[in-house]
Amino acid sequence: MRRFVNFKFEIVLFLCSVGLLGVVFLGISKLVQPGPFRGQTELTSEQAKSTPDASLDNTSLGDRLSDGTQSLLPEPSQLKQQGISAYAKGDYAQAVVAFEAALQADKNDPETFIYLNNARIADRDHHTLAVIAPVGNVGEIGLEILRGAGQAQQDLNQRAETEGVPIRILIVNDENDADVAASLAKALVNRPDVLGVLGHYSSGVTLAAAPIYNRGKLPMMSAISTSVQLSGLSPYVFRTVPSDSFAAATLARYMLEDLGAQKAVLYYDSNSAYSLSLKSEFSTSVFGDGGEIITEYDLADPQLDAQAQIAAAQEKDADVIMLASSTDTLEPSLEVIAAAQQQFPLLGGDDLYHPEILKAGGENAEGLVVAVPWHVLSDADSEFVQASRQIWGGDVSWRTAMAYDALVALGTAGSQAPSREGIQTALADTNFSVQGATGNVDFLPSGDRNRAAQLVQIQSGQRSSFGFDFIPID
């Protein structure tokens, strides 16, 4: 019996010892744990919900990446499929022939355009950059990004014919989904051939993937995400698009000074990091200059009643309706536009720069003023605009121009120092500057581009097929 009691005592002593060691180890681990990266005190809720272990199996990941071995767009033509088959077999000469023929049949397909440029340099030394675009569920916006990246790749590779190393693009489809983006970011970090990333689309998705790029020391350049949360987030995160602080200040100034308005009703999307950022920055700018936000409404609220809200705005003597909408809330935004019936001046963020607003908004949307980073008519005679019209058969959007600038910046930095660390160092250098589609591309210490927003207004016109166009305001 004594031996059994002593045995129990030894067990208890052992467990206490293990527990004490565990406490000591935990304390040491907290002391040596790396702190948050530049400008960040803790992860936001949107960042925290996506980790490097976000689950997508290797097969699913493989279906989302391609440099020419498969089409990520639906229903590829027979000629395009012939090029893909030849590329997959390593018959790059035949792939070039097939892709050229496919482009003659459909010149506005940026995926084929990129695959053609990849095939032309596939048997040469090259550097690889990933371009992440939501080619699954966001439709035209993904194609706009690919057009800018493809045009930049062609320009960079033409220069590399005399000196330098050409660029191969790896197209990646994240469907603008935060969990998918996190898995893809981890996969790209683990591919040593990928030196830099152009992406992602929405601010929420970019915020979800950014910590993974930071830990993997893989430079990421966003051409679309504007949330102020990205400013100073990581030394490996840059963007060619101005932050929401620029757009919000421009819209607030237009409201207060040009319109002489004081009271605004503000609509936003509570599920969008971009929308929440623009909402916050616009409110701050309006209040700071003596204006007032008299009420706010959530476009993501299923109980949204635009008719009742517009009636309430009239009773409260509102002057302006501000739509900090996301692409996910275009439909309720259109309900607000229809309910307003041009009784109020309408303002909006760059996600309203969308053909659906022209198509479905019609006369009720006429006069809507939107802040965008760039407009093709503001620089109609530039080399980029002329070339883009020749390549794509029409005018391009601000998203295409910003994607062009992003890939040119990554490619130029890579030509100076072809490694991940080298690209990051080059981009962060205060002397770095490269000529892009929209002027000089250089970066503040926060990773932001110091560029003002531009106002455009919906007016009647024939540039689109809807009878209305976005036109720059002088």
Side-chain angles (χ1 to χ4, degrees), residues 50-72 84 87-88 90 92 111 114-115 117-119 121-136 142 145-146 149-150 152-153 156-157 165-201 205-206 208-223 234-238 403 406-407 409-415 417-427:
S50 296
T51 71
D53 297 322
S55 56
L56 275 181
D57 59 38
N58 289 334
T59 302
S60 297
L61 285 174
D63 290 340
R64 296 178 180 277
L65 297 91
S66 177
D67 65 345
T69 56
Q70 62 179 328
S71 178
L72 302 182
I84 289 171
Y87 189 96
Y92 302 122
E111 184 185 52
I114 289 171
Y115 289 171
N117 283 317
N118 283 349
I121 56 96
D123 55 0
R124 296 170 51 190
D125 289 338
H126 54 258
H127 299 148
T128 299
L129 298 174
V131 175
I132 304 177
V135 295
I145 295 170
L146 292 185
Q153 177 196 22
L156 289 169
N157 288 358
V165 179
I167 299 296
R168 179 185 70 138
I169 286 180
L170 177 67
I171 301 177
V172 183
N173 174 25
D174 70 354
E175 294 188 2
N176 200 40
D177 181 281
D179 291 330
V180 173
S183 291
L184 288 168
K186 181 182 178 183
L188 294 173
V189 164
N190 291 332
R191 285 189 53 153
D193 61 317
V194 176
L195 301 184
V197 173
L198 191 167
H200 297 250
Y201 165 50
V205 173
T206 305
I212 301 170
Y213 295 123
N214 180 74
R215 287 191 288 269
K217 297 184 177 181
L218 177 59
M220 184 207 74
M221 179 86 65
S222 177
S234 160
Y236 288 88
V237 173
F238 301 84
L407 199 94
L410 285 168
T412 301
S415 68
S419 69
R420 294 178 177 183
E421 289 284 353
I423 290 176
Q424 187 278 331
T425 300
L427 293 173

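Because the structure is predicted, anything quoted here is derived from the model rather than measured.
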- line: Rounded to the nearest 0.5 angstrom, the CG-CE distance for L198 and M220 is 9.0 Å
message: Please check: side-chain N/O of T425 versus main-chain N/O of G422, any donor-acceptor pairing under 3.5 Å?
response: no
query: Does atom CG of D123 have more than 12 heavy-atom neighbours from other groups under 6.0 Å away?
result: yes
field: From Y87 atom OH to N118 atom CG, the distance as rounded to the nearest 0.5 Å
entry: 4.5 Å
query: Hey, does V135 have a side-chain heavy atom less than 4.5 Å from the side chain of L146?
result: yes
field: Nearest-0.5 Å distance, CG of residue D67 to CZ of residue R168
entry: 4.5 Å
message: I need the single residue from V189, N190, L188 that forms a side-chain contact (heavy atoms from CB on, under 4.5 Å) with K186. Which is it?
response: N190
task: Compare every heavy atom of A133 with every heavy atom of G142, then report the nearest pair and how far apart it is.
output: O-CB, 3.7 Å
query: Under 3.5 Å, is there a donor-acceptor pair between the side chain of D177 and the main chain of V180?
result: yes
message: Distance check, rounded to the nearest 0.5 Å: N173 atom CG versus L61 atom CG?
response: 11.5 Å
message: Just verifying a value: how many Å separate E111 CD and I171 CD1, rounded to the nearest 0.5 Å?
response: 5.0 Å
Q70 versus G62, closest heavy-atom pair with distance: NE2-O, 2.7 Å
query: Short question: side chain of N157, backbone of P166 - any donor-acceptor pair under 3.5 Å?
result: no
- request: Indicate yes or no for a side-chain donor-acceptor contact from R420 to the backbone of V194 under 3.5 Å, with no hydrogens or angles considered.
  value: yes
field: Full working for side chain to side chain donor-acceptor pair (under 3.5 Å) between S66 and Y115
entry: CA-CA 9 Å; S66 177; Y115 289 171; 2.9 Å; yes
task: Classify the ring geometry between Y213 and H200 as parallel (under 30°), tilted (30 to 60°) or perpendicular (over 60°).
output: tilted
message: Is there a side chain to side chain donor-acceptor pair (under 3.5 Å) between Y236 and E421? Walk through the geometry before answering.
response: CA-CA 9 Å; Y236 288 88; E421 289 284 353; 2.8 Å; yes
message: Using modelled atom types and a 3.5 Å cut-off, is there a donor and acceptor pairing between side-chain atoms of Q153 and backbone atoms of I167?
response: yes
message: Restricting to non-hydrogen atoms, name the atom on T69 and the atom on I84 that form the minimum distance, rounded to 0.1 Å.
response: O-CG2, 3.2 Å
message: Rounded to the nearest 0.5 Å, what separates atom CD1 in I212 from atom OG in S234?
response: 12.0 Å
- prompt: Taking side chain as C-beta onward, heavy atoms only, is T412 less than 4.5 Å from L156?
  reply: yes
query: What pair of heavy atoms forms the shortest contact from L65 to L72, and how long is it?
result: N-CD2, 4.3 Å
- prompt: Any donor and acceptor pair, going by atom type alone, linking the side chain of Q424 with main-chain N or O of P235 inside 3.5 Å?
  reply: yes
